[in-house]
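Report on the following structure.
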Amino acid sequence: MPELPEVETTRRGIAAGLVGQRVAGLAVREPRLRWPIDPELGRILRGQPILGVERRAKYLLLEFPHGTVLFHLGMSGSLRLVDPPPPAPRPHDHVDLELANGTCLRYHDPRRFGCLLWIEGDAGAHPLLRHLGPEPLEAGFDGAHLYRASRVRRSSVKQLIMDGQVVVGVGNIYASEALFLARVDPRRRANRVSLARYGALADAVREVLGLAIAQGGTTLRDYVNGRGVPGYFAQQLSVYGRAGAPCPACGAPIRQLRIAQRSTFFCAHCQR
DNA sequence: ACTGGATCCTGACTGC
DNA sequence: TGCAGTCAGGATCCAG
């Protein structure tokens with residue numbers, strides 16, 4: 001699934017084609033996502049102009065005069081712009097947001113862990129967005145912030161940086177990658193990492209996310225950006241998915257284990 | 001208040 | 001080839 005770089009790549013791919021356009025209709029072929037799609041959504045959006053396409057954490061936000069459409073891509077979702085005439089929908093193409101100029105925004109999600117919600121009024125006050133931590137690529141996220149958040153934590157440092165209330169957008173791939181870059185053992189208890197090492201970790205999170213965005217995201221199986229093009233960051237992953245392969249820094253075999261049910265990859269020699 | 005675990009769902013892959 | 005079992009990029013909810 002899309003982590004922050006994939007969502008941001010999607011946003012950049014679709015924004016120019018959406019902003020300023022009016023909604024002509026909404027075709028919902030499968031409303032059963034994480035939460036059911038509001039049956040009134042088509043009526044609510046019809047004729048309304050899209051004012052902006054923003055991202056908060058892994059949520060994509062389509063801004064309208066009176067509210068916001070919130071997309072989450074879950075584990076297997078993707079959004080792409082389709083030029084007219086739209087080709088016949090493939091399996092799992094659950095929703096088309098049709099624009100007045102004939103283009104449509106097509107939502108595809110085999111596992112249906114994603115969602116499509118209408119938020120009336122101020123989106124920032126919505127329960128899904130209200131308690132989110134800082135954006136990792138913006139001011140407000142640094143080593144001091146991680147250090148403060150970690151003092152009361154007994155769980156692992158990997159779980160800390162994947163907690164959306166601490167910092168948003170760091171998913172399972174980039175958590176392993178950032179910990180490798182910062183040479184921090186993912187199993188280490190969060191409250192036993194020093195301020196200096198949290199500084200290195202915050203830098204590593206920013207670096208790995210920034211690089212991944214520049215590469216168009218990571219495509220493992222099915223991620224494509226807003227124009228149907230895969231990302232290229234997978235070629236630069238240092239540890240994720242590379243169990244048994246040599247560590248790019250020291251050559252020791254990369255180890256894999258599970259932390260909180262999620263596969264975790266690291267070099268036991270480099271990371272302490 | 002934290003933490004770990006189960007859970008939603010489909011598809012790809014592995015091993016017998 | 002078929003089938004069962006495992007695993008997957010997320011994050012909410014619930015029990016302890």
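Quick note: numbers below take in every heavy atom, side chains included, and nothing from hydrogens, waters or symmetry partners. No experiment lies behind these values; they were computed from the predicted model shown. Just so it is clear: chains get the letters A, B, ... in the order the sequence lines come, proteins before strands, and each one is counted from 1.
When only modelled atom types and interatomic distance are considered, S76(A) and D109(A) share a side-chain donor-acceptor pair under 3.5 Å. The closest side-chain donor-acceptor pair between S263(A) and Q256(A) falls under 3.5 angstrom. At a cut-off of 3.5 Å, with distance as the only test, no side-chain donor of E6(A) or T9(A) sits close to an acceptor on the other residue.
Annotation: dA11(C) and dA1(B) have their P atoms spaced 23 Å apart (nearest Å).
For the pair E135(A) (side chain) and R56(A) (backbone), a donor-acceptor distance under 3.5 Å is absent.
Side-chain nitrogen and oxygen atoms of H72(A) include none within less than 4.0 Å of the OP1 or OP2 phosphate oxygen of dG10(C). In this structure, H92(A) does not reach the dC9(B) phosphate: none of its side-chain N or O atoms is under 4.0 Å from OP1 or OP2. The phosphate of dG4(B) has OP1 or OP2 within less than 4.0 Å of a side-chain N or O from Q159(A).
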Exercise. Pairing of DNA chain B as dot-bracket, 5' to 3': ( ) intra-strand, [ ] crossing, | other strand, . unpaired, with Watson-Crick or G-U pairs under 3.5 Å?
Worked result: .|||||||.|||||||
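With dG11(B), dC2(B), dT3(B) as the candidates, the nucleotide lying closest to the side chain of P110(A) is dG11(B). Here the nucleotide nearest the side chain of M162(A), chosen from dT3(B), dG10(C), dT10(B), is dG10(C). Of the listed nucleotides (dG5(B), dT12(C), dC9(B)), dT12(C) has the atom at the smallest distance from the side chain of L128(A).
Side chain R112(A) to base dC9(B): no donor-acceptor pair is found below 3.5 Å.
Dense packing is recorded around CZ of R206(A), with more than 12 heavy atoms of other residues, nucleotides or ligands lying under 6.0 Å away.
Under the stacking criterion of a centre-to-centre distance below 5.5 angstrom and an interplanar angle below 30°, F113(A) sits stacked against the six-membered ring of dC8(B).
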Exercise. Could you go step by step and tell me if F71(A) and Y107(A) meet the ring pair (Phe, Tyr, Trp, His ring centres under 6.0 Å) rule?
Worked result: CA-CA 9 Å; F71(A) 275 106; Y107(A) 178 66; 5.7 Å; yes
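Toward the 5′ end of DNA chain C lies the nearest nucleotide of S263(A), the other residue of the pair S263(A) and W35(A) mapping further downstream.
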